[in-house]
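Starting from 1, each residue takes its place in the sequence as its number. Scope of the values below: all heavy atoms of this structure, side chains included, with no hydrogens, waters or symmetry mates. We count ligands from 1, going down the list as the structure has it; atoms in each ligand are counted the same way.
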Amino acid sequence: MSSKLEIVRQNVIDCNKCDLCKTRTNSVPGKGNSKSDVMFVGEAPGRNEDLRGEPFIGVAGRRLSEALEGIGISREDVYITNAVKCRPPNNRAPSKLEKETCQEYIQKEIEIIKPKIICILGNTAFGSILGGSEITKFRGKLGIKNNQLYFITIHPAATIYNQKLIEVFKKDIKKLFDLITELKNGKNVPIDIEFSS
Ligand code: URA
Ligand code: SF4
């Protein structure tokens, strides 16, 4: 891990800037390959993540790993993080204040890793990072904000309750890596939406 990222990680571990620090077991910093072309952003840690201090290690994480493995990518190859780094009690959605307070960490992760594409997983990350809502209308699309590309898809947990979404999610993940390949080959990729900063 780069030393700059190591500092962000330590700051997340020690953070007490919002009330979620009072109820968490562990903060959950991002994890993975700091040289990755893609950064995945989920909502907030769940129970398993809170206990271990690692992102996406429960059922939703398995769905993400499976989608990656389906196209020959290991989760160690990519960087995985959350919009909010501490678990909200009983997995409630993070509040506006919690999302705003935690933003500085994701902004630093983005600055350090400089991913070619940031993959937004679900509505909370979509709202928190791009100010968007109604993920079902935007999933599978490529957006841009402040010169940074974003690919939007559903949260992998959505595939647990709706089996039909497994294929939708896998197809989106394949499209994401096809886009990365095109970018690496110097091709222009079609941008579907521009988000205002
Ligand atoms: N769901 C998330 O959004 N993030 C995790 O780390 C685990 C489950
Ligand atoms: Fe700090 Fe974010 Fe955890 Fe709040 S959720 S205590 S801002 S790391």
Side-chain angles (χ1 to χ4, degrees), residues 4-33 36 38-68 74-76 78-113 115 118-130 132-133 135-136 138-139 150-162 165-166 169 172-173 176:
K4 281 188 188 162
L5 204 54
E6 190 49 54
I7 292 168
V8 177
R9 182 185 160 75
Q10 199 55 53
N11 289 344
V12 167
I13 290 172
D14 298 335
C15 182
N16 53 14
K17 290 190 188 204
C18 85
D19 277 352
L20 293 181
C21 74
K22 297 183 187 157
T23 47
R24 75 182 178 217
T25 313
N26 293 292
S27 323
V28 180
K31 190 165 191 261
N33 177 2
S36 176
V38 49
M39 173 193 273
F40 288 90
V41 186
E43 174 173 320
R47 185 170 175 273
N48 294 296
E49 292 78 16
D50 173 70
L51 291 174
R52 285 235 316 256
E54 283 182 37
F56 280 101
I57 54 165
V59 193
R62 203 173 321 136
R63 291 296 163 95
L64 175 59
S65 297
E66 283 164 5
L68 290 170
S74 141
R75 61 181 282 159
E76 281 75 40
V78 300
Y79 188 83
I80 301 174
T81 193
N82 282 301
V84 170
K85 311 300 198 220
C86 301
R87 183 196 185 202
N90 300 317
N91 296 349
R92 66 160 169 74
S95 70
K96 190 164 179 275
L97 181 64
E98 288 155 1
K99 287 186 280 194
E100 281 170 7
T101 314
C102 212
Q103 271 270 351
E104 67 166 278
Y105 299 116
I106 193 121
Q107 293 310 332
K108 283 185 189 140
E109 289 172 297
I110 295 170
E111 268 169 44
I112 296 165
I113 295 171
I118 295 172
C119 182
I120 298 288
L121 299 169
N123 235 353
T124 296
F126 189 36
S128 181
I129 292 162
L130 296 176
S133 60
I135 196 97
T136 45
F138 289 95
R139 60 139 286 277
Y150 292 86
F151 182 78
I152 299 146
T153 188
I154 56 174
H155 193 287
T159 69
I160 300 165
Y161 309 106
N162 183 347
L165 291 177
I166 295 179
F169 185 61
D172 280 356
I173 296 298
L176 164 66

Do [X] and [Y] sit within salt-bridge range, that is, some charged N less than 4.0 Å from a carboxylate O?
X: Lys108; Y: Glu104; result: yes
X: Lys31; Y: Glu76; result: no
X: Asp50; Y: Arg47; result: no
X: Glu98; Y: Lys85; result: no

Next item on the list: Could you verify whether a donor N or O on one side chain and an acceptor N or O on the other, from Arg139 and Thr136, lie under 3.5 Å apart?
Entry: no

If I take atom [atom1] from residue [X] and atom [atom2] from residue [Y], how far apart are they, to the nearest 0.5 angstrom?
X: Ile160; Y: Leu165; atom1: CD1; atom2: CG; answer: 11.0 Å
X: Ile113; Y: Thr81; atom1: CD1; atom2: OG1; answer: 7.5 Å
X: Arg75; Y: Leu68; atom1: CZ; atom2: CG; answer: 8.0 Å

Checklist line | Centroid separation Phe40 to Tyr79 less than 6.0 Å | finding: no

Notebook entry, point to check: Strictly under 6.0 Å, is that where the ring centroids of Phe56 and His155 end up?
Noted result: yes

Notebook entry, point to check: For atom 1 (Fe) of ligand 2, how many protein N, O or S atoms come closer than 2.8 Å?
Noted result: 1

Check: To which of Gln103, Glu100, Glu98, Arg24 does the heavy atom nearest atom 6 (S) of ligand 2 belong?
Finding: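 Of the listed residues, Arg24 has the closest heavy atom.
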
Next item on the list: Using a strict 4.0 Å cut-off to heavy atoms of Val84, name the atoms of ligand 2 that fall inside it.
Entry: 5 (S)

Item checked: Within the protein, residues bringing a heavy atom under 4.0 Å of ligand 1, chain by chain ->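 If the criterion is a heavy atom under 4.0 Å, then ligand 1 touches Gly42, Glu43, Ala44, Glu49, Pro55, Phe56, Asn82, His155.
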
